[in-house]
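See below for the structure under consideration.
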Amino acid sequence: MTGTGQYNFAYLDEETKRMIRRALLKAVAVPGYQVPFASREMPMPYGWGTGGVQVTAACLTPDDTLKVIDQGADDTTNAVSIRRFFEKTAGVAVTEQTGEASVIQTRHRIPETPLTEGQILVYQVPIPEPLRFLEPRETETRRMHALEDYGLMHVRLYEDIARHGAIATSYAYPVKVEGRYVMDPSPIPKFDNPKLSDCAALQLFGAGREQRIYALPPFTQVVSLDFEDHPFDPSKADHPCALCGAENSYLDEVITDDQGGRMFVCSDTDYCATRRAAGHAGAMAAPFEEVGA
Amino acid sequence: MTDQSRIFAENSKACPRPLLQVRGLTKMYGARIGCADVGFDLWPGEVMGIVGESGSGKSTLLNCLAGHLAPDRGEVIFDTARGPRDTVRMSEPERRMLSRTDWAFVHQNPRDGLRMGVSAGGNVGERLMAVGARHYGNIREAALDWLERVEIDGARIDDRPSAFSGGMQQRLQIARNLVTGPRLVFMDEPTGGLDVSVQARLLDLLRGLVRRMGLSAIVVTHDLAVVRLLADRLMVMKSGHVVEQGLTDQVLDDPQHGYTQLLVSSVLQV
């Protein structure tokens, strides 16, 4: 029990955690396979990360340090509310620094700082089924996964090229795990797809409304689907970060006025702040000042 | 029956085995009969017609042959690349592989056989991609080639089938099925629901494709004109049983069974 005495540690009761952990073990044993689990009602609406929160709750120990990001940022509503939730119900330490966290719950991004062994990355997943919009029947998509019948996935990419001249899918870009299951990597930008593969950290995916859990064990081979003559391209905005000058991080476009003014900044706020603290500066950065000076 | 088998065997010395051997195929719907104790041989390059009235078990038989329905008894032995195999007892992945490569299935309603939300090119390319084609340029080229073969303007390759007329949809479905070069095509009322001039054009196209590619086909229809044009051999079904079979012209010109006589005499003359 936590100091508050009102909740079991990390909100969920132990039986529920046990059920989720069993699903997690199965998911880790069969990388990329969607394991059904009895998703619980959480004190937040579906679409706000109920799946991710349940997975995080089942993984947390009192010694863990938690980081929560939403679109790469530590300070957006979703990230702040989930971080507070676990501060309150689990009393665990929290951090905004990727390197210090042992469990990171994320929505739509993988941190820029490479993850290390012993870390767990928990994804919030809205739609776990990569074939959903191609084949609406769940019975049929399950059979397609079982029989490795994935021609349809390439039909989707074909349609992209036929219509747009290039694979226009830019997020939730389908991947094949260890040459077997096709998996939806949650709506991360395709820029992050290469980071899925051969990652040192354990990656867990939780979809609360759809009641599915899947996982990538450390150092799993993950390949983004493509065509031989239209290879996978992990594209990003062709700018450096306006604040920290980083050339190789994923950027958000920020509209700054109604005259067409805009800036591109790192979507990973921790990465950007760390670089600025180390003295890097982009074109639009304010001169670095000591806090409180 | 044995005489004809021998004739076809002599005609196709390169393939001394029948492509498809069906033995005692039976499918029951509870106590009612779907089709009962059907058996025949289909030789390479041969087109067989199955006729009969509605509810006579034609479609049940076709679906059992194509692996869409599990028959209660009987064997469907297909001459695969690795020798004759009973497709009824095959594992599901093997059967799926077969139905994407060596087999094709043309539905009566093109909406059942096409992906309506996917462009014509994607529809034709799907089978190629399902068997491992991963080169966009080649897939598109094959799709264009096949659209041309079924007389669809190549400029419409990126249009969705919902923008096509009924006849074009049916031709697109045929292109989508034949792109992997199947050896056996199942057709369920391929001309049903099309107007007469479009029917004629489609039949003409089908006849050309079947002859040129040396396809074997099983065509289910209630339209005797279709079998007269397409089929070498004819099987007449009634209440789930085969009541008569033989060469198409023979059966149609000199029907023996009472039901066949009724069927032939019911054809409207213009």
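Order of the sequence lines sets the chain letters (A, B, ...), proteins ahead of strands, with each chain counted from 1.
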Distance, nearest 0.5 Å, that separates OG1 of Thr87(B) from CD of Glu75(B)
10.0 Å
Trace of the salt bridge (Lys or Arg N to Asp or Glu O under 4.0 Å) decision for Arg212(A) with Glu138(A):
CA-CA 12 Å; Arg212(A) 293 289 183 279; Glu138(A) 175 76 17; 3.1 Å; yes
Using non-hydrogen atoms and a 4.5 Å limit, figure out which bit of Ile157(B) sits close to chain A: side chain, backbone, both or neither.
side chain
Between Arg95(B) and chain A, which part of the residue has a heavy atom less than 4.5 Å away: side chain, backbone, both or neither?
neither
From the options Leu196(A), Leu204(A), Thr106(A), Leu202(A), select the one residue that forms a side-chain contact (heavy atoms from CB on, under 4.5 Å) with Leu121(A).
Thr106(A)
Under 4.5 Å, counting heavy-atom pairs only, tell me which of Arg127(B), Glu126(B), Arg96(B) racks up the most with chain A.
Arg96(B)
If you tally heavy-atom pairs under 4.5 Å against chain A, which of Met129(B), Glu92(B), Arg134(B), Arg100(B) wins?
Arg134(B)
Is it true that Asp158(B) and Arg140(B) make a salt bridge, defined as a side-chain N closer than 4.0 Å to a carboxylate O?
yes
Between Arg89(B) and Asp86(B) (salt bridge meaning N to carboxylate O under 4.0 Å), is one present in this structure?
yes
Region of [X] that comes under 4.5 Å of a non-hydrogen atom in chain B:
X	result
His154(A)	both
Ile161(A)	both
Leu134(A)	backbone

Can you tell which of Ala146(A), Ala162(A), Gly151(A) has the highest number of heavy-atom pairs within less than 4.5 Å of chain B?
Ala162(A)
Output the option from Glu148(A), Arg143(A), Arg156(A) having the highest count of non-hydrogen pairs under 4.5 Å with chain B.
Arg143(A)
If the plane angle is over 60° it's perpendicular, under 30° parallel, otherwise tilted; pick one for Tyr33(A) and Tyr181(A).
tilted
With no hydrogens and no angle check, is any side-chain donor or acceptor of Gln173(B) less than 3.5 Å from a backbone partner on Val106(B)?
no
